[in-house]
Amino acid sequence: MFHLFSSLKNSSTQGQLHQNRTTGMWMGAASMAGSWVAAGPTIASFMFVWAMIQQYCPQAVLRFFKKYWRRLMNYFHPYIQISIHEFAGERLKRSEAFIAIESYLSKNSSNTAKRLKAEIGKDSTNLVFSMDDHEKVTDEFQGVKVWWVLNRTGSSTKPDNSYPSPDKRYYTLTFHKKHRSLITEPYLKYVLSEGKEIRVRNRQRKLFTNGSGGRWSYSHTMWSHIVFEHPATFDTLAMEAEKKQEIMDDLQTFTSSKDFYARIGKAWKRGYLLYGPPGTGKSTMIAAMANLLNYDIYDLELTAVKNNTELRKLLIETTSKSIIVIEDIDCSLDLTGQRKKKEEKLKDDEKEKPSKESSNKEDESSSKVTLSGLLNFIDGIWSACGGERLIVFTTNYVEKLDPALIRTGRMDKHIELSYCSFESFLVLAKNYLNLETHPLFDQIKELIEDVNITPADVAENLMPKSPKDDLEKRIHKLIQTLQEAKEAAIVEESQEANTAESTTTYLQSQTEARTR
């Protein structure tokens with residue numbers, strides 16, 4: 001009985017203690033809420049006064065107080081901050097340090113950051129994470145902790161400009177001042193080298209193009225891109241094996257010649273001119289070059305470039321390990337005879353003066369890129385900004401191009417892509433039919449040496465059009481096409497011979513008539 005009364009007494013005591021604690025917690029919360037309510041007017045008054053000071057106090061006075069306030073705080077603040085901005089210099093080019101740090105922190109931020117940005121990684125098989133704006137992550141190096149923050153300043157509209165100024169992004173590195181030598185030298189070198197390696201591992205090749213009508217700003221690039229996934233390789237390229245090997249050796253020698261180009265005092269770039277009839281594989285060659293070297297491709301549309309200044313800006317924004325392509329350059333702009341036609345144009349302008357409105361509309365819509373501007377783009381002073389770049393021109397009519405545009409030093413290697421040979425056919429047969437030999441290949445060899453047919457036409461005949469198109473049917477279809485092309489060529493030669501003969505007869509008769 002005594003134990004029973006004791007247990008009841010203890011339970012009642014514990015219940016009273018729990019009630020007292022709960023009551024104390026509620027009283028504490030109420031007291032804290034009352035304190036915040038009491039401090040509300042004070043905070044509002046302070047914010048009002050601060051807003052009035054910022055609005056009416058002269059900026060020079062504010063800058064003066066901020067300057068000395070920071071100096072005063074530095075005496076008591078034991079931490080150092082380093083800022084790495086996204087754009088360096090005059091904001092013409094993205095900072096390599098910023099890109100390397102972004103790649104380095106992508107590995108660390110995925111484990112510690114609470115807000116992340118995700119992008120498709122290499123080969124579109126995984127996601128690559130990076131820290132979001134205003135996010136903070138902690139890193140450790142040799143037992144020393146540092147803090148990284150990605151900052152973004154908001155845009156603001158200037159009085160003399162209707163466009164808002166672009167946002168600025170920068171990383172802030174914070175660490176204790178006693179570790180200055182450790183952080184500023186070994187740690188930052190480690191971060192940059194590790195970031196570059198991570199970037200190479202996660203790098204996804206891209207296909208860029210320049211748009212028209214977009215407004216350029218320092219933080220918005222003039223290029224837009226998609227993932228480059230073209231499957232072409234030199235193994236699948238319809239070309240003679242010896243010629244393919246020569247091109248591959250030239251490309252691989254270029255990629256390993258950084259020190260050589262620096263020693264001879266030349267920008268690390270190389271020009272290639274691909275010429276030949278339509279359908280001979282010029283675009284496929286570019287894709288194979290990019291896949292061989294693991295380069296990005298910048299497909300430059302000259303007709304969308306307003307002037308030489310915009311062309312220079314596009315060049316500055318290209319990265320290393322890239323191929324700058326101008327396809328069908330003979331059709332892109334009238335660059336072939338500008339110097340010859342300059343005097344004729346001046347004479348025509350004196351004779352015919354169109355209305356001001358129509359001429360202004362034409363000037364706004366048409367490109368003003370000149371041959372001189374394009375030549376400076378290829379090998380001028382600005383072409384040395386960046387390195388390890390290929391410049392590739394393609395054309396169907398090489399004879400139309402200005403010799404100054406394709407001379408050695410600008411277009412260093414000229415590659416002719418001609419009609420399909422039998423060796424090229426064997427590559428296509430391996431690709432489309434998975435055959436290396438066939439009894440009908442001898443007949444195809446005789447026909448293909450007598451006619452001009454492009455690899456694209458051969459590939460079209462070897463392409464299955466329905467489930468019923470087996471190998472034999474496709475081979476016979478190609479033979480039929482080659483025979484028809486041969487007959488058409490014979491008819492054309494006969495017509496040309498008859499035309500030439502009739503012309504000769506007519507001229508002879510005219511000569512005899514005059515002598516009489």
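Please read all numbers here as calculations on a predicted model, not as lab measurements.
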Geometric class of the Tyr275/His414 ring pair [parallel <30°, tilted 30-60°, perpendicular >60°]: perpendicular
Whether His230 and Phe228 hold their rings parallel, tilted or perpendicular, with breakpoints at 30° and 60°: parallel
Ring geometry between Phe441 and Phe422 (parallel below 30°, tilted from 30 to 60°, perpendicular above 60°): perpendicular
Leu447 to Gln483 - nearest heavy-atom pair and separation: CD1-CG, 3.9 Å
Test item: Arg205 and Ile297 side chains (from C-beta on) under 4.5 Å apart, heavy atoms: no
Distance-only donor-acceptor check, side chains Thr319 and Ser322, under 3.5 Å: no
Donor-acceptor side-chain pairing of Ser421 and Glu240 below 3.5 angstrom: yes
Lys465/Asp469 ion pair, N-O < 4.0 Å: no
Geometric class of the Phe98/Tyr171 ring pair [parallel <30°, tilted 30-60°, perpendicular >60°]: tilted
Thr236 side chain reached by Val427 side chain, heavy atoms, under 4.5 Å: no
Any Met289 side-chain heavy atom under 4.5 Å of Ile323 side chain: yes
Criterion side-chain contact (heavy atoms from CB on, under 4.5 Å) against Phe377, the qualifying member of Val369, Leu315, Leu302: Leu315
Residues Asn151 and Lys168: side-chain donor-acceptor under 3.5 angstrom: no
Ring-face cation contact, Tyr272 with Arg270, 6.0 Å cut, 45° max: yes
Close side-chain approach of Thr394 to Ser283, heavy-atom, < 4.5 Å: no
Test item: side-chain donor near acceptor, Thr253 and Asp250, under 3.5 Å: no
side-chain contact (heavy atoms from CB on, under 4.5 Å) partner of Leu435, the single match among Thr437, Leu433, Asn431: Leu433
Note, Ser95 side chain near His85 side chain (heavy atom, < 4.5 Å): no
Glu472 side chain to His438 side chain, donor-acceptor N/O pair below 3.5 angstrom: yes
Under 3.5 Å side-chain donor-acceptor pair for Glu301 and Thr209: no
Thr318 versus Arg389, side-chain donor and acceptor atoms under 3.5 Å: yes
Side-chain donor-acceptor contact under 3.5 Å, Thr481 with Asp457: no
Lys413 bridged to Glu246 by N-O distance under 4.0 Å: yes
Side chains of Thr233 and Asn291, donor plus acceptor under 3.5 Å: no
Worked verdict on Leu401 versus Leu273 for side chain to side chain contact (heavy atoms under 4.5 Å, CB included): CA-CA 11 Å; Leu401 299 180; Leu273 175 66; 4.2 Å; yes
Salt-bridge criterion met for Asp450 and Lys486 (N-O under 4.0 Å): yes
Stepwise ring pair (Phe, Tyr, Trp, His ring centres under 6.0 Å) check, Trp223 with Tyr298: CA-CA 8 Å; Trp223 296 96; Tyr298 288 86; 4.9 Å; yes
Option passing salt bridge (Lys or Arg N to Asp or Glu O under 4.0 Å) with Arg199 (candidates Glu102, Glu96, Glu194): Glu96
Pair Asp379 + Arg407: basic N to acidic O under 4.0 Å: yes
Validation row: Glu388, Lys258 side chains within 4.5 angstrom (heavy atoms): no
Aromatic centroids of Phe141 and Tyr190 separated by under 6.0 Å: yes
